[in-house]
Amino acid sequence: MKLPFAEPYKIKSVETVQKSTLKQRTQWIKEAKYNLFNLKSSSVFIDLLTDSGTGAMSNNQWAAIMQGDESYAGSSSFFELKDRVKKIFGFEYFLPTHQGRAAENVLFSAMIKEGDIVPGNAHFDTTKGHIEFRKATAVDCTIDEASDTSSLHPFKGNIDLKKLEKVLKEYGKEKIPVIIITATCNTAGGQPVSLENITAVHKLAWDYEIPVIIDAARFAENAYFIKQREEKYKDFSIPEIVKKMFFNSDGMTMSAKKDGIVNIGGFIGLRNEELYRKATTFNIMFEGFINYGGMAGRDMAALAVGLNEVLDEQYLESRIRQVDYLGQKLISYGIPVQQPIGGHAVFVDATEFYKHIDINEFRAQILAIELYLESGVRGVEIGALLADRDPISRKNRFPKVEMLRLAIPRRVYTYNHMDYVAAALKNVFDRRHDIKNGYQIIQEAPIMRHFTLELRKI
Ligand code: F0G
């Protein structure tokens, strides 16, 4: 008998999670003004809100925590991390930041100005937020297949080269300070970008003399998909693929809370000294001195270990398999999901799920709330609430497909947890026609509203 795949780790420490009743959850979600970000974590049984900063660190990472050097300047933990980043990604210049959006804030302060155009593949919300905050425009050039949830395109995070070239031709290097490739592409459903596409974008960018930055939050998961799905690279190791992904890039922003497998942290990697010097000033202003940038020495020490662990192919296989397991289970129940299943999360197609409900009533939020009420499982809306209002017309923006994202923390939940989530969602699916109405916004912030908005039941 062929032995099945099993996780390449065992569990040393566990944390109890609380179950609750429907009555309690009905009260809690009402008190949270129907925004799942307002729920206490103690009111949640299985938390799939995000895979960001929620992973389980290894014994070696915890050991590194004790070795962290907390010096303000010249910390040895900084130099270890800097060396690790250079080795893995090839970037000479390195700035630590407290998380991914801080890296965006620092780098964009040095690169982006009012009126600029920033093309890319479905920019993540903080990326778009930092672009729009500077009165610049993010242009989404993702391939059309990304918004067709049933298309089995293996690299739905790819940039459509024709769309990109059109933007480059129209605005040129005077207006376009940078092209951003997000790998994997979170907004498109944790979908990978192929190495062929990354290389083609670099070539185009080279022709137009525009730098390329990779948003590398889930770089290792992307590299694993390249190995699995891009014939040419099937015999390459994960570190070799990562090197190729970043070889022609001008830099990277990193939320280490994902593929760094730490609870907090981020950084910028750069090739150009002048840009590094410019960014350094902003790093000192916003984050902290260049040798820690908002992280403790122990955080940097744990991250240096995490960046190595994430490159282990056995780990990546267990990670991607678990996400896929949940996705396949939902598919077998007839639930519409983004296919193929992405790297860090299963994205449920709420537009299809609740197609009988008015688009203005926030279908993906309805689904998130119903799943919570059913089971205590918390997912997150990736739909019209997240898409925010158009900065000029102030009208709600409706993505082609609204999704409920079930993001799976790294090394945290078991296959039984996945079965529980799938069964809960099946129950919600079976009674979908009982739901007739959704929600209305009663309070919202002018930008990145989804984190804090308040809703009322219609
Ligand atoms: N880029 C991508 C692709 C992300 O997914 C995130 C965060 C960031 C940048 C910002 O990083 O949170 O460290 O400031 N994504 C989280 C999520 C919040 O739930 O997907 P951060």
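Start at 1 and go down the list; that is how both ligands and their atoms are numbered.
- Where the criterion is an N or O separation shorter than 3.5 Å, residue side chain and backbone included, Leu49 fails it with respect to ligand 1.
- For the pair Arg405 and ligand 1, a heavy-atom separation below 4.0 Å is found.
- Close approach to Thr182 involves these atoms of ligand 1, each under 4.0 Å from a residue heavy atom: 3 (C).
- Here the protein heavy atom with the shortest distance to atom 13 (O) of ligand 1 is Ser255 OG, 2.6 Å.
- For Tyr315 and Tyr9, the gap between ring centers reaches or exceeds 6.0 Å.
- In terms of polar-atom proximity, defined here as any N/O pair under 3.5 Å, Arg218 does make such a contact with ligand 1.
- With respect to Lys128 and Glu132, no salt bridge is recorded, no charged nitrogen being found less than 4.0 Å from a carboxylate O.
- A donor-acceptor contact closer than 3.5 angstrom links the side chains of Asp148 and Ser150.
- Numbered from 1 in the order shown, with element, the atoms of ligand 1 that lie under 4.0 Å from a heavy atom of Gly100 read 11 (O), 13 (O), 14 (O), 21 (P).
- Nearest non-hydrogen protein atom to atom 8 (C) of ligand 1 is Phe124 CD2, 3.4 Å.
- At least one N/O-N/O distance between Gln99 and ligand 1 falls below 3.5 Å.
- Of the N and O atoms on the side chains of His202 and Thr199, not one donor lies less than 3.5 Å from an acceptor on the other residue.
- At a heavy-atom distance under 4.0 Å, atoms from both the backbone and the side chain of Arg101 approach ligand 1.
- Remark: Asn59 engages Lys12 in a side chain to side chain contact (heavy atoms under 4.5 Å, CB included) (not counting sequence neighbours).
- For a threshold of 3.5 Å applied to N or O pairs, the pair formed by Asn186 and ligand 1 contains at least one separation below that value.
- Contact record, Phe246 with Ala216: CZ-CB, 3.7 Å, taken as the closest heavy-atom pair.
- From the protein, the heavy atom lying nearest to atom 2 (C) of ligand 1 is Asp215 OD2, 3.4 Å.
- The single protein non-hydrogen atom nearest to atom 16 (C) of ligand 1 is Lys258 NZ, 3.2 Å, given as residue, atom name and distance.
- In this structure, the protein non-hydrogen atom closest to atom 10 (C) of ligand 1 is Thr126 OG1, 3.5 Å.
- Close contacts between ligand 1 and Lys257 involve ligand atoms 13 (O) [criterion: under 4.0 Å to a heavy atom].
- Counting heavy atoms from C-beta on, the side chains of Asp51 and Ile408 never come closer than 4.5 Å.
- When all heavy atoms of Leu275 and Ala110 are compared, the closest pair comes out as CD1-CB, 4.1 Å.
- Between Phe78 and Phe94, the ring centre distance stays below 6.0 Å.
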